[in-house]
Each structure stands twice: as C-alpha cells, then as structure tokens.
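Structure, as structure tokens:
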Amino acid sequence: MAREYAVYDGHGTDAPILYQTEGFEPTEVTAVIDLSEEKQLRISGSDSMQDLNEELILQLKEMENAGKAKDAFLSNMSHDIRTPMNAIIGMTALARKHIDEKARVLDSLNKIETASAHLLSLINEVLDMSRIDSGRLALAEEAFSLSDLLHDILTIVRPQMQQKGHQFSFDVRDISYESLVGDTLRLRQIYVNIINNAVKYTEANGEITVKVSESTEGERCWLNFLCRDNGIGMTAEFLEKIFEPFERANSTTISRIEGTGLGMSIVKRLVEAMSGSIHIDSAPGKGTAVEIRIPLRYEHLEVHSEELQGKRVLIVEADEELRDDYRRCLKDAGLHAVFVSSASEAVAQQAEDEFRDQHADAVIIGHDIGKDGSIYDLASYLHQRDPQLPIILISDDNWEDIEYKANHSGIEYFLPIPFFRKSLLNGLSEALRGARGSDPLTSVDLHGKHILLVEDNLINREIAREILSSTHAEIDTAEDGKIALEKFKDSVEDYYDLILMDIQMPVMDGYEASKAIRALDRKDASTVKIFAMTANAFAEDIAKAYQAGMNEHLAKPVDIAKLMQALRRI
Amino acid sequence: MQPYQERYIANCKEIAARSDLFALNADTFPEWLEESCQAEERMQELREENMRLLHDEFFPVLDTLPSLSSEEIEELDAFGDILMDWKTNLDCGLYITIHEALLSLARIRKDRSAIIRELYKLGMGLYYQDRMIQGLESEHTQPYYFRNEMVFTEAGSYLRFFEEIEDEATKGYIIRALANIAICTVDRHRRVAVSARTLQITQDEYYRKQAPGLPWDTYLQRAHQQMSSNRNTLSRGDMTPSELALILESCQVVFQPEKDNKDPNLRWLWPYYEMEYTCGFTDLKTTLQRMEDLIASAPADRYDYSGLYATVQLPIYYGRLLKANQNMPDRARYISFLKKAYQRMTKVLFAIPAENFDDLFAYFVTLVFSDYYETEGVPTYREITSALIPKLNTELYIRSYVVGELAACLSERVYDRDPSFFAELPPLQDIPAEKKKETLSAYARNCGLYHDFGLIKLKIESVERQRDLFQTESDIYRLHTFSGHDDLCSRASTKDYADIALGHHRWYSEGDGYPEGYRRNESPWRAMTDCIALSVFLQEEYQGDLKPLLEEIDRDKGRFSPLLTSYLSDRKFCEELETILTHAAEEAYIHIWNIKNEKAS
C-alpha cells in the first residue's frame, strides 16, 4: 500500500518532506509520521491508537518547534558567521588597497583580529555543544585559587556591564576554602555565561547582583553562585525550554541579542557533568535569578605569616566595606595596620612616620584611594620617597592590562579583588620577604660583591663609602676616571660587579672613563654595571651618560634609598 | 652671591630683554634685520655662557653639596630666590633643581626644619613650573599637579607636630604649604575644602598661640583671597550651598578694603560683584554694566595686575557671561561692546613692553588663549591669535612661517600629481574644483603658523633660550601638542589646524614620536599633518644642504609618509624647497618689520 509520510530528518528543513512510498522503512530519520488516509502509525509498542496519536501530535509539535529552532539557529549562525567573515574579507581588501599606509593597514589588521576572535568564539560554542552531546567532555581536576577565578570573571564581564551602565554588586562571603579543585576554565565559562546573559537581557542602567558563597559537606565544598538581575525576565513557557539548544529569548525591548542560543544548554550540561545543580527563577518584567551549586574538592592553604609579626602596613582604602574586609583578613595576623583613605593622607602618614622615626614595611594601595590622585601617581610618589617600600596593589583591574604602568610606578605586587584572608596574608608575606629589613641601610646584602667607587671629592667619597659599607660589599675607590680605568684593567675578569662613576672629575671625566672601559678588549668590559652619580641633570646629560655606556643615572646628592634601590638591581 | 650666580642672572635678564625684536630701534629694514641677527647671535652667546656656568660652576657645587658650609648653602638658596622671585620667574627649573638637591641633603641629614622648608620651596617651584601647563587637565598633566600637591601635603602634614617644632619660620612654612595645596589640586571641590581648612587654621587660637610671631592676619587675608578665587573654577551650578556661602563670605572680606579705595585693585574688587550675580543679588544686566564701566575706565597702558585685570581679564569674563546667556535680550548691543573690548585687549597685549613679559603676562596670555569666546560679531579666534603670535613668540613665528611655506609648496606639488591625496581633508570638502589648489595652499600656510601654537602658552621656549632643558621640562615641552590642539579645536575658526598641532611630532607609522595616543589613521586631516611633519623636519634640520636630510629620511623609514617623501627624489623640486629654506625666514622678518611699523603708526 502506498503511504504518505512526513519525515523530519533533524536537519532543520522548513517543512516536512513528504514521501510517497511503498514499504518505506526509515532508518536514520528522527521521526516518521504516516499521513496516509488511515493515519496508521508505525511505532512499535503502542497500545492505544488515541494515546499514540496524542503523543505523536505532541511530539510533532515539539519536533516542529525544534526544527524551527534549529532553522532559526542555522539562520542566525549563518548571519553570525557571515558578519565577522564579511569584516575579515572587507578589511583584508582595504588593507591591500592601502598597503603603503602602515597605520591604515594596522587598523585593518586590528579589526580583522577582533572579527576573527568573535568568529572563533562562535565556532567554539558549537563545538562545545557537540562535544558535550557526544559524551567527549573531560573535566579537569586542578587546584585553583577562588580569588583568581572570581577576579577573572569580573575582568571579563565588567566592560559590557559598564557599557550598559548597569549597577553591579559583587558579594563574596563565607569563604573558608580559597584553594579548590576542579575545572577552572569550565567554571569560568558557566559563570561568565550566566552573568553575560544578565547583562544582555537587562535594559541599560539596570541592577545586577552576584553572590558567591561556600558551604561544606564532608570532604566537599559547595560553591554557591547566585546571579540576580532586574531585566526583562522570562515567561514560564520559555523557562521550560531554556536549556534546549538553539533557544533564544525574544524581546521587543532588546532588539538584537548576539549569541548562538547554545549558552544555557552548555551551562546546564557542564553543571550536571560537575554533579551540580542549576535553578532559575524568572518572570517577565521582574528579572531573573539563576542559582548554581557545584560541589568541589578543596585544599588546605598554608599561611606563611611569620614575616608579618610586628610589621607595620599602611593601607590606603576609602571604601568602608573593603576596610572591614581588610580588618577581618588581617585579624590575629600579628601586624599593625594603619588605614588612610586618600593619597594625601598616605603621604602625610609617611611624613609623620618619618618624624617619628618609624616607617611602614609595606603599603597596600586599595580599590578606592579618594579623588586626589590616581593609584599610579600615589605609587610613584611613595616609591620616589622610599624606593624600597614594597607597594602592593589590590585591584579589580586585569593585571596584564596594567602591569607596565604599575611596574613603572613602583608597584611590584598585585592581588586581585576579591581577596581572601590567606591569599592576602601570603601576598603580604611575599612582599615583605622580598623587601628590606628594619633598617633601610642594611637591607641590601652585597656580600661577596665588588664595587669600584669613582669620586674625586673626599667628603662625597666618605659618605658614599659609609652608605655602601652597610651592604657588606668590598669597596675600592678611585679619585678620577683614569685611575678607575687602570684599576679596572688591572682587575681579574668579572672582579667588579659595579662601578659608581662621578661625572665631573679632573684628569678624566666619567663619560670618557666609561667609554674607555666599555672599549676594553675583555669579556666583562661590556657587562660590568656602571651607574652615573652626578648633579648634571639636563635631559641631554642623562642621554649622554647612557650614550657613554652607563646603565643608570643617579642624581646628586645621592639619596640613600634610591642608591639602595639601584644596588638591588646589580 | 657667587660671581657665576650673578653672571647667570644677568645673562638671563639680557636674553629676556633681547628676545623682543619689536623693541629694537632701527630706521630701515636692513638695519633692523641686522640688529635682529645681532640680538640672535648675542642670545646664543649668552646661552652658551650660561651652559658653561652651569656645567663648570653650578653643578660642581651640587656635586659636593654635603661638603658645603652653611653660608655656601645660604648663598645657593639666595641664588634660587632671585631665579624665581614670584614675578619674573627668571629660571624656575633651576630653582627646582636647587631645592630638590637641598631637600635630598636635608633628608640625608635628617634635618626636619630643613625638610619642611625645602618641601615648601620645592612646592612653590613646581607650582610655577606647572603654570606652564595651566588649563591643560588630562592624564598627561595630572602627575605634575599631583607631585606638586603631594609635596605641599607632605610639608603640611607636619601640622600634627606643630607644638613640637620649635622655630616659627618652620611653622610658617607648614601653614603656607597647607594653604597652597589648594592652588595645585585639580579637584575643584577639594580646592574649596582646602581653602576652608586654611581659614579655620589661620583663625584657630591654638595655632596662633603656638607661633605668635607669624603674620597670622596676613595669612588669614590670603586665605580669604584664595577662597574667593574658587568662584572662577566652580560654575554657578557646580557650587554646593555651603561652598557658595564660604566663597561669598571670603569675597566680601577681600572686597571691603577695596570698595572705598580710589584706585581699587580689581582683582579683589570684582570677585564680590561676580558673587553677587552668582547668588542672585544682582541681575545679569547690572553685572554686565558694572563690567563695562570698569573696562571702559581702565587706561590701556597700565600693565600691572589691576590694569591688565580691567583690559584683559574682565573682557574675558564678559565673554564668558555672554556665552552662558546666549538668549539674553539686547544681545547685539553686548556683543558690540565685547567686540570693542576684545580689540582693545589685543592691542594691550601687543603693546606690552618686553620688561613686562613676566609670569603675570603669561597668565593673561593663557587666559585669552583658553577662554576667548568666539561668536558672530566679534573677531575670530584665528584673527586674534594670528595677530598676537608674532609678538608673543617672534622666533616661533619665523620658523612657523618657513614651515608654512614649505608645506604649501609640498602640498601644491602633491596636489598636481595626485589630488586624491587630499580627498578627505575637511577644509577642501565644499570648495569648487578650480579653487581647491589655492585653498589648499592657504590652508597649508596657516597650518604651518599654528602647528606649534601650544608652545606659546607653555612658555618653555623662553627657558630654552637660556639653557638646555631638564628632563621634566623636556617632558613638559612635549605637551605643547595637547595644549595647541585643545585650544584650536574648540573654536570654529581654528579647528582645522587642531589635529596638525596634535600629530605633527608623531611618526607616520605611529612607531615613534609623540604623543603616543595620536591615531593618525583616524584623522581626516592626516594628509596635512604628514606635510607639516615633513616640513618641520626640513626647517629644523636644514644646514645649507638637503642631501644629509634626505639620507636621514631614508634611514628613518616610517617617520614620514612614504607617499610624500617619494617626491623628494625629484631634484628640481628639492631645489624649490631649498630656495624656501634659504629665503623664507627673511620674508618672515619683513612681515614682522611691517607689523612693527604698522603698530607704531
């Protein structure tokens, strides 16, 4: 008997394909519905025709919806892939057209890079989905810092958050275990996806709150994550389908939401793969709350607080809540924390300390340092005043983005926000270990090193010798450049580690002497460090010192702290 | 003072006097040109001597600072005081160098009184240095203001130990440093807060009793003056009620001694009138009328603060009020007054003799360049500034003229071969085809004139005439690109020159030069910026032979537009450029001579 079938093949065709065939036995099709006059159904094990019919009608609708969703997905994908591809092709053509204009080519390359990155993320999501569905997903089991994970998430979501003017509150509490074991990349993917959805589906200037906490059950620690927004929300009908692939919420208020429609499906599957749970509470116009609980193993983090005992730490932080966090974290650590709330107060405190003949062992520059200067200006000023003072920046910025500027301002240590007790104490310990002892003059230990001090003025020579003697280095002196040159020539190779060279001297000046040393035919002539010590401070003089082969320029009268800082570099 | 110190000061004074070519007396152009060249040569000699004095005498002193006697240190301090006497600002950079060294010495010796004194003096030096970049508030200038503020903050923080410090002079430095935080902080509300704290301290019996010999009443009066000046930086809508009350009260205090004075100092009289308007006690019409009366009654040849306040500052304030009240009734009448006031202001600035080219004068020039209100019915910003440039910085005018001629020649040549090179240039957009080349040429000349506009306000070239620049000064010099850009782009008549002022030192490839943030590719004016950048290089480096410059261009690939430098392979074209390089400066001198005679008549 000839039969008519509608075949849905799972490839998202617009309408059922109609087959009229005899003895048709579907093999790879997803569903076959007999549309022949008798409406005979070829599904084995069905007892009641009516039940089956109803079930099939339901299935049919689901299939139709799934098919439509897949159609929409393909259509979106095709658009989403084409958009960056068009940019790549277009910008390549533009670059070729203006090949002589380097700046223009560079601009095109930047745009190509951005479009490529976007394209890659689209492809990754599709591949992820496929990997999860085919059971090929392997979760990593690595120890990671919760602070780093949360900081990374903040760094990723903040730009879009700011772009839409959302008020963002990030509340982390009850953290007992800072080092957890799990797949940090997948965890980040889950949380970023949820927060990004909140950003996307909340109209500009909305409110988004993220709460992270821990609870313990035996050897496992549950990482609890709650993201709440006051965005457009979802209907109950859509909520039922939210974890289905290719579904995206439609809204008249949010005109174009980018994405593949795979995000929530991936999140659900990842959470389940980690034996966790996800719950969503949402209503149209009321916003959405997504709660995720994931069990993770934890590791005990050791705290090295010996270095902190009796140390004085200046903390520049105006935000009261963060100050409370510091207090909680530093409680019982055995150090003395001095809080100030602005750059001027920090500078005033430093002066007061100097007056009292005491000094901070480290400075923490926090998130909010008032309005009277940037963190870099403050760090730079404090560093200039005391180059040995370890400066720790605690910030929600991405370290890679600010590292260059921070290092140039004298910031050597960085801790991400949010910070927790153990990571803060360990960070502080590390900074203090790398810093000076209690007396700035005895901090640099140059035991076994040889320094040639070239200085024609007796008093200067005596002062420098006195300062340098505290480093335990062996000090030789020379009264002019010629004597210095001779001493260097007569020394065995690699004997001198540093030459401190005055510039204006009789017989042979510092420039000439440095040039002559550099020109010697011996291995250490090019490697020995030569620091200029001079009052000649014209920009051209400084350049001249470098041109003569010197490595650094120290202004006279020599500032002890600055000299020590320079000595640390040899 | 040491002979080398006296010599250095005398040299700086002579350089300042000789830099005004308008002041040279000569009957004919050849005579005047001869005198101008002699002046240039003399200034060069003096500069060289200054460098010798600094290298051979001054730096060796700093080199051996710890071994100097207290008398020698006092001498050095006195030398510094003459270099920067708060008015002439002969050499503020050297003053800073002296006090940075003395501060280091004080720290080495752990001499707290000396630390406080040197912090205060260093703070003052930095303040005067920062006046070069006054009005330029950005991430590039913030570190300078911040350092200044922190130096005063550090000195002022010793207030906590007021009781423990024994000598009154040091206590005086603490109070003054605290007050001066307000003059260098960028945050306007913080300025008011600092001024309020100063007022509080200067009236506090506790502090007064601790140092009865200090001139507390003078400090108090100064604190009121400082508070009254906050009305300038905070607009009507920005002030909180408590700030308004504080500022009004101080304006009243500084106003009282002046109100019945026959020759009142307008600097202290006007703030109260202005606050009366701000608070709504008087209306706009009355306020403008008061200004008109004061401006009209002021003599044009009075160059002290009060005189220039009436002839320069009040017209600027008048313009500000008109700008803020664009829909006021009878506007045409007020614009007509503003036009006359602006014209008079320009004449006054042009007529100021060289001996008055002091810090005060620089302040007024900055005010005009920053706050000039360009609107229909008054001279354009371009008219005003182009008239003033030859007078305010003759040397800059001469080289800018040469740059303009070179750029015009270059752009004409490029236009002939490839008009599409300038296709995106905004000033050519609505110009008929037959007029484009002529327009381009005139535009290139103006771009030449304005490319270093920012240098006039920075006043850094007057330092360079005396000696080499210190590192900080050299960094400040580079800010002229932002300074010029900001002023030029905010007026319709000059906005087409702004990007050229910003980008002419940046390499074509963006691989070097400054400012780093300049994105050549995003600027529709970039074709002209490229022309000016190449012209500046040719003008600066030409020593009578173009060949080494061409070799340098070849070596520094990426510095200039390859599309432009390709034209330099044309020998004949290079000859044309060499003619300009040899003769254009003389044309500029002729222009100055003509302006000088025109003004004299």
Side-chain angles (χ1 to χ4, degrees), chain A residues 98 100-108 343-352 354-357 370-374 376-378 380-382 384-385 409 455-460 462-463 467 502-504 533-543 553 555-562, chain B residues 51 54-56 58-67 97 100-101 104-105 107-108 110 112 115 119 139 142-143 146-147 149-151 153-158 160-161 164 181 185-187 189-190 467-475 508-511 519-522 526 558 561-563:
Chain A
H98 299 279
D100 276 339
E101 292 189 66
K102 191 174 173 183
R104 208 151 175 170
V105 173
L106 198 66
D107 181 62
S108 299
S344 349
E345 281 183 30
V347 171
Q349 186 63 49
Q350 201 183 30
E352 180 176 340
E354 193 170 272
F355 194 84
R356 299 266 183 231
D357 262 342
K371 283 183 181 170
D372 52 359
S374 76
Y376 308 107
D377 292 337
L378 173 62
S380 194
Y381 192 84
L382 295 174
Q384 270 180 20
R385 286 281 292 105
S409 314
E455 168 66 65
D456 63 322
N457 182 279
L458 180 64
I459 293 176
N460 279 354
E462 280 172 6
I463 290 172
I467 295 170
D502 186 19
I503 295 295
Q504 286 188 310
M533 290 201 304
T534 173
N536 293 23
F538 288 127
E540 283 191 14
D541 290 327
I542 296 170
H553 180 277
K556 272 188 177 177
V558 173
D559 185 297
I560 303 171
K562 282 181 185 161
Chain B
M51 288 304 292
L54 292 174
H55 271 298
D56 300 347
F58 174 73
F59 286 133
V61 171
L62 294 195
D63 224 13
T64 56
L65 209 54
S67 54
T97 304
E100 275 175 338
S104 286
L105 184 66
R107 289 201 204 273
I108 290 171
K110 297 197 170 180
R112 288 188 182 112
I115 290 174
L119 279 168
E139 58 171 322
Q142 171 62 19
F146 182 80
R147 183 185 176 208
E149 186 181 341
M150 290 305 118
V151 164
T153 299
E154 192 184 335
S157 69
Y158 286 91
R160 299 179 199 199
F161 309 105
E164 296 171 31
I181 295 169
T185 185
V186 175
D187 187 305
H189 296 284
R190 191 167 140 71
R467 57 166 170 78
D468 285 357
L469 298 183
F470 292 116
Q471 189 61 54
T472 310
E473 291 167 336
S474 187
D475 295 340
Y508 169 82
S509 64
E510 293 181 19
R519 295 277 168 266
R520 178 192 169 279
N521 200 37
E522 287 165 18
R526 62 182 175 277
S561 164
L563 305 171

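In the text below, chain A, chain B and the rest are named by the order of the sequence lines, each starting its count at 1. Quantities reported herein were computed from a predicted structural model and do not represent experimental measurements.
- Here the side chains of Ser157(B) and Val347(A) are not in contact, with every heavy-atom distance at 4.5 Å or above.
- Between chain B and the options Leu378(A), Thr534(A), Leu458(A), the largest number of non-hydrogen pairs under 4.5 Å is found for Leu378(A).
- Both the backbone and the side chain of Val151(B) come within contact range of chain A, with heavy atoms under 4.5 Å apart.
- Residue contact with chain A, scored on non-hydrogen atoms closer than 4.5 Å, involves the backbone and the side chain of Asp468(B) alike.
- Phe538(A) is not listed as a side-chain neighbour of Gln471(B), based on a closest heavy-atom distance of 4.5 Å or more.
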Exercise for the section: Check step by step if side chain to side chain contact (heavy atoms under 4.5 Å, CB included) holds for Gln350(A) and Met150(B). Expected result: CA-CA 11 Å; Gln350(A) 201 183 30; Met150(B) 290 305 118; over 6 Å; no
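- Taking CD of Glu352(A) as the start and OH of Tyr158(B) as the end, the distance is 10.0 Å to the nearest 0.5 Å.
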Handout entry: Worked check of side chain to side chain contact (heavy atoms under 4.5 Å, CB included) between Gln504(A) and His55(B)
Key = CA-CA 9 Å; Gln504(A) 286 188 310; His55(B) 271 298; 4.2 Å; yes
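- Between the Arg147(B) side chain and the Asp377(A) main chain, no donor and acceptor come within less than 3.5 Å of each other.
- Counting heavy-atom pairs closer than 4.5 Å to chain B, the top residue among Ile542(A), Asp456(A), Asp541(A), Ile503(A) is Asp541(A).
- Glu154(B) and Tyr381(A) are linked by a side-chain donor-acceptor pair at a separation below 3.5 angstrom, with hydrogens and angles left out of the test.
- Heavy atoms from other residues, nucleotides or ligands lying under 6.0 Å from CD of Glu540(A) number 12 at most.
- Heavy-atom distances place both the backbone and the side chain of Gln142(B) under 4.5 Å from chain A.
- Proximity of a side-chain donor or acceptor of Asn460(A) to a complementary backbone N or O of Asp63(B) within less than 3.5 Å is detected.
- Neither the backbone nor the side chain of Glu473(B) comes within contact range of chain A, judged by heavy atoms closer than 4.5 Å.
- With a threshold of 4.5 angstrom between heavy atoms, Glu354(A) approaches chain B through its backbone and through its side chain.
- Only the side chain of Arg467(B) comes within less than 4.5 Å of a heavy atom in chain A; its backbone stays farther off.
- Note: Ala348(A) leads Ala348(A), Ala543(A), Ala555(A) in heavy-atom pairs under 4.5 Å with chain B.
- Taken to the nearest 0.5 Å, the OG1 atom of Thr64(B) stands 10.0 Å off from the CG atom of Asp502(A).
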Problem - Verdict with supporting geometry, Tyr376(A) and Phe146(B), side chain to side chain contact (heavy atoms under 4.5 Å, CB included) - result: CA-CA 10 Å; Tyr376(A) 308 107; Phe146(B) 182 80; over 6 Å; no
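- Leu54(B) touches chain A through its side chain: at least one heavy atom from C-beta onward sits under 4.5 Å away, while N, CA, C and O do not.
- Listed options Ser561(B), Ser474(B), Ala101(B) were ranked by heavy-atom pairs under 4.5 angstrom with chain A; first place goes to Ala101(B).
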